[in-house]
> 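Handing you this structure, nothing more for now.
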Amino acid sequence: MTTYQGEATVIVNAVEYEVTADLRVETEHVGFIAGGMRQTVEGLRSWGGTLTVQGPDAAWSISDADMARLRLPDGREGEFLVSAGDFSTGPLVITGSGAAPF
């Protein structure tokens, strides 16, 4: 799956925050020339997106974390950092670390 939209839980310092996530996986494509022909291969994959949070306290706690975990309803998890957004109310823009949990 390359996208996820729906409910999720963010865990920061053992505190859980309910959020709505809009996430995607992006794949970099790298071009090169081989045998005189231009070719393209898949490169690095990254994931991220936005989180809509429930109130300024949750937004601030999540955005202030050094690293947070995102848990989907099926139990899969992934770590992320907040890279931008309205840190007082959201939405928060996140960048995932490691494999996407979706």
> Quick one: are E18 and Q54 in side-chain contact, heavy atoms under 4.5 Å?
yes
> Using the rule given for side-chain contact (heavy atoms from CB on, under 4.5 Å), can you reason through I33 versus Q39, listing the C-alpha separation, both sets of side-chain angles and the distance that settles it, and then say yes or no?
CA-CA 6 Å; I33 297 176; Q39 310 245 348; over 6 Å; no
> Quick one, T2 and R24 - any side-chain contact, counting heavy atoms below 4.5 Å?
no
> If two hydrophobic side chains count as joined below 4.5 Å and joins carry through other members, does V12 share a cluster with W60?
yes
> Listed by chain and number, what are the side-chain contact (heavy atoms from CB on, under 4.5 Å) partners of D57, not counting sequence neighbours?
none
> Distance check, rounded to the nearest 0.5 Å: T50 atom OG1 versus L92 atom CG?
9.0 Å
> Could you go through the side-chain contact (heavy atoms from CB on, under 4.5 Å) check for V10 and L51 one step at a time?
CA-CA 9 Å; V10 172; L51 301 177; 3.8 Å; yes
> Once you round to the nearest 0.5 Å, how far does CG of L23 lie from CD1 of I94?
5.0 Å
> Looking at side-chain heavy atoms only, is the closest gap between E77 and I11 below 4.5 Å?
yes
> Can V93 be reached from F87 by stepping across I, L, V, M, F, W or Y side chains whose heavy atoms are under 4.5 Å apart?
no
> Is the number of heavy atoms from other residues, nucleotides or ligands under 6.0 Å of M67 CE greater than 12?
yes
> Between F102 and L72, does the side-chain contact (heavy atoms from CB on, under 4.5 Å) criterion hold? Intermediate values first, please.
CA-CA 8 Å; F102 53 94; L72 300 185; 3.7 Å; yes
> Determine whether T3 and D22 make a side-chain contact, defined as any pair of heavy atoms from C-beta on separated by less than 4.5 Å.
no
> Could you tell me whether the side chains of Y17 and S61 share a donor-acceptor contact shorter than 3.5 Å?
yes
> So do the side chains of L70 and W47 get within less than 4.5 Å of each other, counting heavy atoms only?
yes
> Nearest 0.5 Å please: distance from the CZ atom of R76 over to the OH atom of Y4.
9.0 Å
> Does D74 CG have over 12 foreign heavy atoms under 6.0 Å away?
yes
> Would you please test T40 and V30 for side-chain contact (heavy atoms from CB on, under 4.5 Å) and show each step?
CA-CA 6 Å; T40 303; V30 179; over 6 Å; no
> Quick one: closest heavy-atom pair of G78 and P101, and the distance?
N-CB, 3.8 Å
